[in-house]
Protein chains: 2
Amino acid sequence: MDDVASKAGVSRALVSLVMRDSPRVSATSRQKVLAAAQDLGYRPNLWARNLASGQTQTVGVMLNDLHNPFFTEMAEGAAAAANERDLQILINSGWQREAGELAAVEAFMNMRADGILLAAAGLSNELLEGFASQMPTVSVSTYFVSQYFDTVNNNEDHGGCLVVDHLVDLGHTRIGHIDGGAARSGPERRNGFIKAMVQRGLAPIVVEGAFNEQAGAAAAAQLMELHVPPTAIFAGNDLAAIGVLTKLQELGVSVPEDVSVVGYDDTILAGIGPISLTTVHQPRRQLGRIAIDLLVERISGRREARHEQLEPRLVMRSSTGRVPQSKGAPQS
Amino acid sequence: MDDVASKAGVSRALVSLVMRDSPRVSATSRQKVLAAAQDLGYRPNLWARNLASGQTQTVGVMLNDLHNPFFTEMAEGAAAAANERDLQILINSGWQREAGELAAVEAFMNMRADGILLAAAGLSNELLEGFASQMPTVSVSTYFVSQYFDTVNNNEDHGGCLVVDHLVDLGHTRIGHIDGGAARSGPERRNGFIKAMVQRGLAPIVVEGAFNEQAGAAAAAQLMELHVPPTAIFAGNDLAAIGVLTKLQELGVSVPEDVSVVGYDDTILAGIGPISLTTVHQPRRQLGRIAIDLLVERISGRREARHEQLEPRLVMRSSTGRVPQSKGAPQS
DNA sequence: GCGAAGCAGTAGAGCGCTCTACTCCGTGAC
DNA sequence: GTCACGGAGTAGAGCGCTCTACTGCTTCGC
């Protein structure tokens, strides 16, 4: 910077002003400085800038699972919104381990990010509140409402109703749910399903699962081994539903003729032709945008928490159909 | 830091030593400092530390496309390797636009990352070399070999051979390729295919595409509209292959009875039951690990470039089969 | 008993910026 | 002609650390 200043024949302060394109510099000196900077290959050191200014214009985005397209699509929305506001975004993932998430968030804090955006963080509620009380935080798909941070969630109860209504309309009464285990939104989705089933006088069949293909496949096997297997399976998310599809194919059970399958999230995967999964749509990109909006408000000083809830919508594709006539366990 | 130092009754320098757990501090003062830091909720400011030390222990990872599981899986390998070396990794994506990639890389440079890892960067070769001459760089899946940076690439020629051999073994002679357009590895994959076909005396049929589902679907439609459509389609990557699958289903063409389909990358998508795509396997996680290894070597001073090439392997699944008897364009 | 060696700790300069408070100079109002 | 004013630019302190060179003090060998 000193070099640039002396080469351009101005003070360091002026160079600084030019680099931040302040209106306080004349066109001529701006030119001179820019030319000198170009010649010397000078680029401002962000660390020094942030240290001096106390602001980083950076938000950390922690994604629970980089494999799940739900999260990357959400991140895309967040990145676009951040971009419009000249915020830099840093993506990190805990790679599905709590220690990993902790490390990721701490890295953001050590960097003094202006705020953090947590997506389905697997961290405990205590840790979450702990972090949130130290810096502006917005949490997406967490289903834990706190006064310390803003949240953006999906109306899981309604989601459960949509799925059950759809399946009931098709004549199904024996519907099995594969839950997401202890993961964020797992319990909410499960409870939404149970509530909807009970309201309609139907017995909710629930088996334990997780939000990935393997767990979906394993749980599907369990369900199909019941004395009277369900005629429809509602998986906790699209990934798990895909596991179900895979397993059913292996077992020679055809979809939707023998068994209907429903997912959740409406990730790109659900729309793929050979999969064509009926699922519950979430506006992923918009989720990310809203989260950034809230975060920006928080960063600029809002103290009281805001909690947004988005309404889901059912997307019908070809993995669901009318209940089969022969209600026995279909084999081939 | 001053507060911590005075609370613990030691100098700032000692606090600094403790925070970097240097062996030069006695157990007792370490305890005191840690306790004081805990009480005051002190955490070292990374920006200041990096500014003072001139090192960041951070590498930037720029992924071409966050939607393509190939990249996220590679990033996972990179993250694991980085983690073992106490390197912090920053993920960024250009969201499929060159300007986005430029911004992402410049953000890394402004942050003075110790090095950058580029995955299938869409940047021009000139820009690539420009960045690489300024900081340690490793480029994965770029297929542009330069003395300024290390590369980790797949042997695309061999990949093309594997696919063609497999299809020829199944009796196919009219094989269409959907290329990746101008994207990194697009031309290499195309040329690998062409070379392999010509070597076997077969006419290479090539249509333009891109590495996503939409392009795959559109190109498949084109191929099927030929007077004599191909009996096998080799898509540029798994994503495009999935587009092909979707389109063929729409057209009532069954896979693999009427047409065989092959992808490239062997992402998780390929393994999904209803997709079950024959594809060319790339060790994605290992790609990431190797890249980090190379980057670390570069950061610690190696000057001469290293270029790793990995051998692909064909994974047979159920999207390929023997050539149909009736060679006319199948309709339903 | 004395000097060399080694351990624990410290002072203070410096990393590369920003920011506040200032100076200087050309205008325009009266 | 004088003075207030605003635009353009500058000096220098400080952001929160690390690092080099140093000081004391204990230990050990002979």
Side-chain angles (χ1 to χ4, degrees), chain A residues 1-38 40-58 86 88 106-114 134-135, chain B residues 1-38 40-58 86 88 106-114 134-135:
Chain A
M1 192 177 198
D2 269 325
D3 299 342
V4 175
S6 62
K7 174 148 188 170
V10 297
S11 69
R12 273 168 42 252
L14 222 220
V15 175
S16 168
L17 290 176
V18 171
M19 291 332 267
R20 289 173 290 157
D21 31 43
S22 145
R24 293 187 40 189
V25 271
S26 66
T28 42
S29 14
R30 161 162 290 130
Q31 288 308 331
K32 278 191 300 185
V33 170
L34 254 22
Q38 176 86 23
L40 297 170
Y42 166 79
R43 57 174 68 241
N45 182 325
L46 257 202
W47 304 89
R49 167 178 294 181
N50 294 342
L51 177 58
S53 69
Q55 274 225 109
T56 58
Q57 298 292 9
T58 293
D86 278 316
Q88 175 65 27
E106 297 221 302
F108 290 148
M109 303 202 74
N110 291 342
M111 282 189 165
R112 301 294 193 271
D114 288 343
Q134 291 174 61
M135 69 193 304
Chain B
M1 191 176 198
D2 270 325
D3 299 342
V4 174
S6 62
K7 173 147 188 169
V10 297
S11 69
R12 271 168 45 253
L14 222 220
V15 175
S16 169
L17 290 175
V18 171
M19 290 333 265
R20 290 174 287 157
D21 32 45
S22 144
R24 292 188 39 193
V25 272
S26 64
T28 43
S29 16
R30 163 163 287 128
Q31 286 309 330
K32 278 192 298 185
V33 170
L34 255 22
Q38 175 86 21
L40 297 170
Y42 166 80
R43 55 175 69 239
N45 183 325
L46 258 201
W47 304 89
R49 166 178 297 179
N50 295 341
L51 176 57
S53 70
Q55 273 225 109
T56 60
Q57 297 290 8
T58 293
D86 276 315
Q88 175 65 25
E106 297 220 301
F108 290 148
M109 303 202 74
N110 290 341
M111 282 190 164
R112 302 291 193 272
D114 289 342
Q134 290 174 60
M135 69 194 303

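To find a chain, count down the sequence lines: A is the first, B the second, and so on, and within it residues start at 1.
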Return no unless some side-chain N or O of Arg112(A) is found under 4.0 Å from OP1 or OP2 of dG16(D).
no
Could you walk me through whether Lys32(A) and Val18(A) pass side chain to side chain contact (heavy atoms under 4.5 Å, CB included), step by step?
CA-CA 10 Å; Lys32(A) 278 191 300 185; Val18(A) 171; over 6 Å; no
Check: Tyr42(A) and Met19(A) side chains under 4.5 Å, non-hydrogen atoms:
yes
For dT18(D) and Ser53(B) - does any side-chain N or O of the residue sit under 4.0 Å from the phosphate oxygens OP1/OP2?
no
Using a distance-only test with no angle check, is there a side-chain donor-acceptor pair under 3.5 angstrom linking Arg20(B) and Ser16(B)?
yes
For Met1(A) and Val10(B), find the nucleotide of DNA chain C closest to each by heavy atoms; which residue's nucleotide sits nearer the 5' end?
Val10(B)
Determine: side-chain N/O of Ser26(B) to OP1/OP2 of dG9(C), distance under 4.0 Å, yes or no.
yes
Counting only side-chain nitrogens and oxygens, does Ser29(B) get under 4.0 Å of the OP1 or OP2 atom of dG9(C)?
yes
Leu14(B) CG to dG9(C) P: how many Å, rounded?
5 Å
Please figure out whether Arg20(B) or Thr28(A) has its closest DNA chain D nucleotide nearer the 5' end.
Thr28(A)
In whole Å, what is the span from the CZ atom of Arg30(A) to the P atom of dG7(D)?
15 Å
Please report the distance, rounded to the nearest Å, between CG in Leu17(A) and C1' in dT10(D).
10 Å
Closest of dG16(C), dT18(D), dA11(C) to the Ser16(B) side chain is dT18(D)
Could you tell me how far apart Arg24(A) (CZ) and dA8(D) (C1') are, to the nearest whole angstrom?
7 Å
Expressed in angstrom and rounded to an integer, what is the separation of Tyr42(B) atom OH from dC17(D) atom C1'?
7 Å
In whole angstroms, the gap separating C1' of dC17(C) from CG of Asn50(A) amounts to 10 Å
Integer-rounded Å distance: dC19(D) P and Met19(B) CE:
15 Å
Nearest whole Å is fine: how far is dG14(D) P from Arg12(A) CZ?
14 Å
Return yes if some donor-acceptor pair links the side-chain N/O of Arg112(A) with the main-chain N/O of Leu51(A) below 3.5 Å, else return no.
no
Please classify the nucleic acid contact of Arg49(B) as base, sugar-phosphate, or nothing, using heavy-atom distances under 4.0 Å.
sugar-phosphate
So does Ser11(B) get a side-chain nitrogen or oxygen closer than 4.0 Å to the phosphate oxygens (OP1/OP2) of dA11(C)?
no
Is there a side-chain contact between Met1(B) and Asn45(B) (heavy atoms, below 4.5 Å)?
no
